[in-house]
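Structure provided below as structure tokens; questions to follow.
All heavy atoms count here, side chains included; hydrogens, waters and symmetry mates do not.
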Amino acid sequence: MEITLVVIGLLTAIAAVLAWIALRWRRVLRAGGINVALRWNDDQADLGWHLGIGRYQGERFVWFRVLSLRRGPDRVLYREGLHIAQRREPAGAEVYALPSGASVLRCESSRGDSIEVAMATGALTGFLSWLESAPPGRQVRRAS
């Protein structure tokens with residue numbers, strides 16, 4: 001009898017987590033955005049890319065991971081202090097892990113953090129436009 005209750009409790013918990021993920025993902029997709037893959041830990045690059053949806057919110061680019069339990073965005077990139085350090089095409093196994101026709105940007109913040117962003121050509125054009133557009137009086141560092 002105890003084992004049955006434990007199994008029922010475990011199955012209920014699993015169902016609740018799956019329902020939460022499905023509801024969160026539905027809310028994220030309904031709000032719109034672009035397909036973006038991120039990789040943020042240079043020390044553990046072999047852990048690979050994380051797929052999700054990106055969205056522009058004024059001075060911020062918010063990113064929601066496909067499978068996450070967070071209510072809000074999983075990563076936030078602030079336009080101020082962010083610059084492109086490198087642009088490249090996917091190499092090796094990345095070709096299969098990233099959206100079709102994606103390019104990879106290695107971005108660095110003024111704090112020294114780095115993150116790699118991969119997105120398709122159209123989305124990349126929008127991201128670069130967002131990054132380079134700045135309020136009057138603010139200077140933008142451009143990739144060399």
Side-chain angles (χ1 to χ4, degrees), residues 5-144:
L5 291 177
V6 170
V7 170
I8 290 173
L10 190 61
L11 291 176
T12 303
I14 291 171
V17 168
L18 291 176
W20 174 257
I21 290 173
L23 288 172
R24 177 189 183 270
W25 194 237
R26 182 175 179 212
R27 183 177 54 93
V28 168
L29 286 177
R30 187 179 296 181
I34 55 174
N35 292 329
V36 179
L38 294 182
R39 182 165 61 183
W40 54 82
N41 194 342
D42 290 337
D43 298 333
Q44 298 174 342
D46 58 328
L47 292 180
W49 291 89
H50 305 280
L51 302 177
I53 299 290
R55 190 176 311 133
Y56 303 101
Q57 292 181 345
E59 295 293 307
R60 305 177 329 151
F61 181 78
V62 296
W63 179 79
F64 299 87
R65 191 173 182 171
V66 172
L67 296 175
S68 176
L69 296 177
R70 290 181 193 250
R71 283 186 59 112
D74 293 275
R75 290 280 188 252
V76 178
L77 304 177
Y78 294 91
R79 178 169 32 198
E80 186 172 354
L82 187 69
H83 69 277
I84 309 296
Q86 179 187 18
R87 181 177 178 170
R88 64 180 178 82
E89 296 302 314
E94 290 179 329
V95 173
Y96 304 106
L98 298 176
S100 179
S103 291
V104 177
L105 300 176
R106 188 169 58 80
C107 301
E108 293 179 349
S109 73
S110 56
R111 297 185 324 239
D113 302 332
S114 72
I115 189 167
E116 286 187 304
V117 179
M119 55 186 81
T121 305
L124 181 66
T125 302
F127 182 79
L128 293 172
S129 295
W130 170 80
L131 189 60
E132 291 180 358
S133 65
R138 197 182 107 210
Q139 294 184 357
V140 177
R141 285 182 58 186
R142 290 196 168 82
S144 51

Item to check | Non-hydrogen atoms of Ala120 and Ser100 that approach each other most closely | outcome: CB-O, 4.0 Å
Checklist outcome for this item: Value for CE (Met119) from OG1 (Thr125), rounded to nearest 0.5 Å, stands at 10.0 Å
Checklist entry - Are Arg87 and Leu124 side-chain neighbours, meaning at least one heavy-atom pair lies under 4.5 Å? => result yes
Next on the checklist: Quick check for you: to the nearest 0.5 Å, what is the distance between Arg75 atom CZ and Arg60 atom CZ?
Outcome noted: 14.0 Å
Checklist entry - Going from OG on Ser129 to OH on Tyr56, what distance comes out if it is rounded to the nearest 0.5 angstrom? => result 8.0 Å
Checklist entry - By side-chain hydrogen bond (donor to acceptor under 3.5 Å, both in side chains), which residues pair with Arg88, not counting sequence neighbours? => result Glu94, Glu116
Checklist entry - Taking only residues two or more places apart in sequence, or in another chain, which ones meet Glu89 in a side-chain contact (heavy atoms from CB on, under 4.5 Å)? => result Ser103
Next on the checklist: For Val7, give me all partners under side-chain contact (heavy atoms from CB on, under 4.5 Å), at least two apart in sequence or on another chain.
Outcome noted: Ile3, Leu11
Next on the checklist: Under the rule for side-chain contact (heavy atoms from CB on, under 4.5 Å), what residues qualify as partners of Ser109, not counting sequence neighbours?
Outcome noted: Arg111, Asp113
Checklist entry - Should Ile53 and Ile34 count as side-chain neighbours, where that means a heavy-atom distance under 4.5 Å? => result no
Checklist entry - How far apart are the closest heavy atoms of Thr121 and Gly101, and which atoms are they? => result OG1-O, 3.7 Å
Item to check | Set of side-chain contact (heavy atoms from CB on, under 4.5 Å) partners for Ile8, sequence neighbours left out | outcome: Thr4, Thr12
Next on the checklist: To check you understand the geometry: which heavy-atom pair defines the closest contact between Ala37 and Leu51, and what is its length?
Outcome noted: CB-CD2, 3.7 Å
Next on the checklist: I need the minimum non-hydrogen distance between Val95 and Pro90, along with the two atoms involved.
Outcome noted: CG2-O, 3.8 Å
Checklist entry - Can you tell me how far the CG atom of Leu98 sits from the CZ atom of Arg39, to the nearest 0.5 Å? => result 8.0 Å
Checklist outcome for this item: The complete set of salt bridge (Lys or Arg N to Asp or Glu O under 4.0 Å) pairs with one or both residues in residues 10-21, sequence neighbours excluded, reads none
Item to check | Trp63 side chain near Leu77 side chain, heavy-atom distance below 4.5 Å | outcome: no
Checklist outcome for this item: All heavy atoms of Leu131 vs all of Arg79, minimum pair found to be O-CD, 3.7 Å
Checklist entry - Is there a side-chain contact between Asp74 and Leu38, using heavy atoms and a 4.5 Å cut-off? => result no
Checklist entry - According to the ring-ring contact (aromatic ring centres under 6.0 Å, His included) rule, which pairs have a member within residues 103-127, sequence neighbours left out? => result Phe61-Phe127, Phe127-Trp130
